[in-house]
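Shown next, in structure tokens, is the structure this report addresses.
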Amino acid sequence: MYPLRRNRRLRANEAIRSLVRETIISPNDFLVPLFVVEGQNVKEEIASMPNYFRYSLDLLEKEVKELWSMGLKSVLLFVKVPDNLKDNQGKEAINPNGLMQRAIQTVKNTCPEMLVMTDVAFDPYSAYGHDGIVQDGMILNDESVNLLAEMSVSHAQAGADFVAPSDMMDGRILAIREALEDEGFTETGLMSYSAKYASAFYGPFRDALDSAPVDMKNVPKDKNTYQMDFGNRIEAIRETKMDIDEGADIVMIKPGLCYLDIVREIKNAVDVPVAVYQVSGEYAMLKAASEKGWLNHDAVMMEQITAIKRAGADVIASYFAKDVVRFLNK
């Protein structure tokens, strides 16, 4: 009771604020997304994601070494597949010498202790930009799940530590887990995008991989039939619990900031680690606002990252990872 209890005593200076701070950010919190392309000596800035790049395999080696030196120990790999290799069956996705498979091997050969997670998704390989096989204006679920399971095994064979299916097809976690077990990959982890919402924040990411749905007759114009409706909360908990029952080791909520209520709900409901993906649109907005001088980049970045962890994230996939570590080391 005031005046015996004065809460401001614990805010009096940075020393006491740091001592009693409940949420601490460190390099160990981060999963670093990396975009990979074919070619040699390629480092392409993504126009809608300032200061974020696509790397060819030779420069991926350098980037991975830098991440490790900064204390960033986990990466999430994505590949930009050449158009001539895209189809409606995902054949290139299970090519043992495909770009993803070579990227996994490159990271592991460069830095064997780096934790490698891989995007398991159809859209980078799809001629239509969708996360599943398209037929008669629909996305086929079970046929797509079979491919995702094959893709996961291929990634494990290449050396992935975790596979991360981001497609939102029904039943894919169980199918992937069973396929990995059948092939002897009992130690390969599975991080499920359990509550992935149909969000407008993904635009820059789709630029990075050239994976947006195409505007074509008999092709769904969006991903609303498989990604979640952003008005729903209970559904997210149901989806996540089902994924855990099917074998997910880590569950993810995507996007981040607009879904912190979902993060907390899921954190309270499950007993596995919870990951949050701070997505490309969230990154691009802050970069654009700070370039205009409208927001203090580092201050807002740290506030956002702290909010995500405070909400319940055990793992944060973020394009700000290197920026955060540099800020912490100032």
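Computed from a predicted model, the values in this text were never measured in an experiment.
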Checklist entry - Would you call Y125 and K86 a side-chain contact if the rule is heavy atoms closer than 4.5 Å? => result no

Checklist entry - Run the side-chain contact (heavy atoms from CB on, under 4.5 Å) check on V36 and K80 step by step: do they pass? => result CA-CA 6 Å; V36 185; K80 186 177 186 295; over 6 Å; no

Checklist entry - Taking only residues two or more places apart in sequence or in another chain, which ones pass side-chain contact (heavy atoms from CB on, under 4.5 Å) with A269? => result I237, K241

Checklist entry - Of the non-hydrogen atoms in A121 and D131, which two are nearest, and what is the gap between them? => result CB-OD2, 4.1 Å

Next on the checklist: Do I244 and M242 sit in one hydrophobic cluster, given that two such residues count as connected whenever their side-chain heavy atoms are within less than 4.5 Å of each other, even indirectly?
Outcome noted: no

Checklist outcome for this item: Across all chains, not counting sequence neighbours, the side-chain contact (heavy atoms from CB on, under 4.5 Å) partners of D229 are N232

Next on the checklist: I need the S192 OG to R177 CZ distance, nearest 0.5 Å.
Outcome noted: 12.0 Å

Item to check | Any M252 side-chain heavy atom under 4.5 Å of M191 side chain | outcome: yes

Next on the checklist: Run the ring-ring contact (aromatic ring centres under 6.0 Å, His included) test against Y202 and tell me which residues pass, sequence neighbours left out.
Outcome noted: none

Next on the checklist: Please say yes or no: joined through hydrophobic side-chain contacts below 4.5 Å, possibly via intermediate residues, are L174 and L147 part of one cluster?
Outcome noted: no

Checklist entry - Are side-chain N/O atoms of N88 and Y128 paired as donor and acceptor at under 3.5 Å? => result no

Next on the checklist: Using 0.5 Å steps for rounding, measure from the CD1 atom of I253 to the OG1 atom of T240.
Outcome noted: 6.0 Å

Item to check | Partner residues of N268 under the side-chain hydrogen bond (donor to acceptor under 3.5 Å, both in side chains) criterion, sequence neighbours left out | outcome: R264

What side-chain donor-acceptor pairs closer than 3.5 Å can you find for residues 159-170, not counting sequence neighbours?
| from | atom 1 | to | atom 2 | distance (Å) |
| --- | --- | --- | --- | --- |
| D161 | OD1 | K108 | NZ | 3.3 |
| D161 | OD2 | K108 | NZ | 2.7 |
| D161 | OD2 | V116 | N | 2.8 |
| S166 | OG | D119 | OD1 | 2.7 |
| D167 | OD1 | R172 | NE | 3.2 |
| D167 | OD2 | M169 | N | 2.6 |
| D167 | OD2 | R172 | NE | 3.4 |

Checklist entry - Got more than 12 heavy atoms from elsewhere within 6.0 Å of CD, E143? => result yes

Checklist outcome for this item: Contacts of A236 meeting side-chain contact (heavy atoms from CB on, under 4.5 Å) (sequence neighbours excluded), chain-then-number -> A195, Y197, M228, I262, I266

Next on the checklist: Please report the interatomic distance CZ(R310) to CG(L260), rounded to the nearest 0.5 Å.
Outcome noted: 7.5 Å

Checklist entry - For M302, does its backbone N or O pair with a side-chain atom of T306 as donor and acceptor, under 3.5 Å? => result yes

Checklist entry - Who pairs with D29 by side-chain hydrogen bond (donor to acceptor under 3.5 Å, both in side chains), at least two apart in sequence or on another chain? => result K309

Next on the checklist: Using only atom types and a distance under 3.5 Å, with no angle test, would you say the side chain of Q101 pairs donor to acceptor with the backbone of A93?
Outcome noted: yes

Checklist entry - Which value, rounded to the nearest 0.5 Å, describes the distance between S152 atom OG and Q157 atom CD? => result 11.0 Å

Checklist entry - If you look at every heavy atom in F78 and P33, which pair is closest and at what distance? => result CE1-CB, 4.0 Å

All N/O donor-acceptor pairs, side-chain side in residues 273-290, below 3.5 Å, sequence neighbours left out:
| from | atom 1 | to | atom 2 | distance (Å) |
| --- | --- | --- | --- | --- |
| Y277 | OH | Y319 | OH | 2.7 |
| Q278 | OE1 | S318 | OG | 2.6 |
| Q278 | NE2 | Q304 | OE1 | 3.2 |
| S280 | OG | F201 | O | 3.4 |
| S280 | OG | F205 | N | 2.9 |
| E282 | OE1 | L257 | N | 3.0 |
| E282 | OE2 | G256 | N | 3.0 |
| E282 | OE2 | V279 | N | 2.9 |
| Y283 | OH | P50 | O | 2.5 |
| K287 | NZ | H297 | NE2 | 3.0 |
| K287 | NZ | D323 | OD2 | 2.9 |
| S290 | OG | L286 | O | 3.0 |
| S290 | OG | K287 | O | 3.0 |

Next on the checklist: Determine whether K267 and D314 satisfy the following criterion, side-chain contact (heavy atoms from CB on, under 4.5 Å), listing intermediate values before the conclusion.
Outcome noted: CA-CA 9 Å; K267 181 65 175 176; D314 301 293; 2.8 Å; yes

Next on the checklist: Given 3.5 Å as the limit, does a donor-acceptor pair link the side chain of T110 with the main chain of E61, or not?
Outcome noted: no

Checklist entry - In terms of hydrophobic clustering (I, L, V, M, F, W, Y; side-chain heavy atoms under 4.5 Å; direct or indirect links), are I308 and I25 co-clustered? => result yes

Item to check | Charged N-O contact under 4.0 Å between E265 and R233 | outcome: yes

Item to check | Residue pairs fulfilling salt bridge (Lys or Arg N to Asp or Glu O under 4.0 Å) with at least one residue in residues 11-22, sequence neighbours excluded | outcome: E14-R17, E14-R21

Checklist entry - Looking at V324, T23, V300, which one forms a side chain to side chain contact (heavy atoms under 4.5 Å, CB included) with I305? => result V324

Checklist outcome for this item: On a heavy-atom basis, the closest approach of A156 and T188 is CB-OG1, 3.9 Å

Checklist entry - Is the CZ atom of R5 crowded by more than 12 outside heavy atoms at less than 6.0 Å? => result no

Checklist entry - Which heavy atom of V32 sits nearest a heavy atom of Y52, and at what distance? => result CG1-OH, 3.8 Å

Next on the checklist: Within the 4.5 Å heavy-atom criterion, are D249 and V272 side-chain neighbours or not?
Outcome noted: no

Item to check | Qualifying residues under side-chain contact (heavy atoms from CB on, under 4.5 Å), relative to K330, sequence neighbours excluded | outcome: D298, F327

Checklist entry - Does CD1 in I234 sit with more than 12 non-hydrogen atoms of other residues, nucleotides or ligands closer than 6.0 Å? => result no

Checklist entry - Within a strict 4.5 Å, meaning less than it, do heavy atoms of the K223 and H130 side chains meet? => result yes

Item to check | V42 reachable from V81 in the ILVMFWY side-chain graph, under 4.5 Å edges | outcome: no

Identify all side-chain donor-acceptor contacts of residues 63-70 below 3.5 Å with residues at least two apart in sequence or on another chain.
| from | atom 1 | to | atom 2 | distance (Å) |
| --- | --- | --- | --- | --- |
| E63 | OE1 | Y55 | OH | 3.2 |
| E63 | OE1 | K322 | NZ | 3.3 |
| E63 | OE2 | K322 | NZ | 3.0 |
| S69 | OG | E66 | O | 2.7 |

Next on the checklist: Keeping S74 on the side-chain end and L31 on the backbone end, is there a donor-acceptor pair under 3.5 Å?
Outcome noted: no

Next on the checklist: Give me the atom names and distance for the closest heavy-atom approach of S154 to N95.
Outcome noted: OG-O, 4.4 Å

Checklist entry - Distance from L77 atom CG to L34 atom CG, nearest 0.5 Å? => result 6.0 Å

Checklist entry - How close do M114 and L72 get, heavy atom to heavy atom, and via which atoms? => result CE-O, 3.5 Å

Next on the checklist: A quick test of your reading: do over 12 heavy atoms of other residues, nucleotides or ligands sit less than 6.0 Å from CZ of F230?
Outcome noted: no

Next on the checklist: Going by the rule side-chain hydrogen bond (donor to acceptor under 3.5 Å, both in side chains), which residues pair with D142 if we only count those two or more places apart in sequence or in a different chain?
Outcome noted: none

Checklist entry - Cluster question for you: counting only ILVMFWY and a side-chain heavy-atom cut-off of under 4.5 Å, with indirect links fine, are Y193 and L115 together? => result yes

Checklist entry - Between R102 and N97, is there a donor-acceptor pair closer than 3.5 Å when you use the side chain of the first and the backbone of the second? => result yes

Next on the checklist: Are V120 and H155 packed together at the side-chain level, in the sense that at least one heavy-atom pair is separated by less than 4.5 angstrom?
Outcome noted: yes

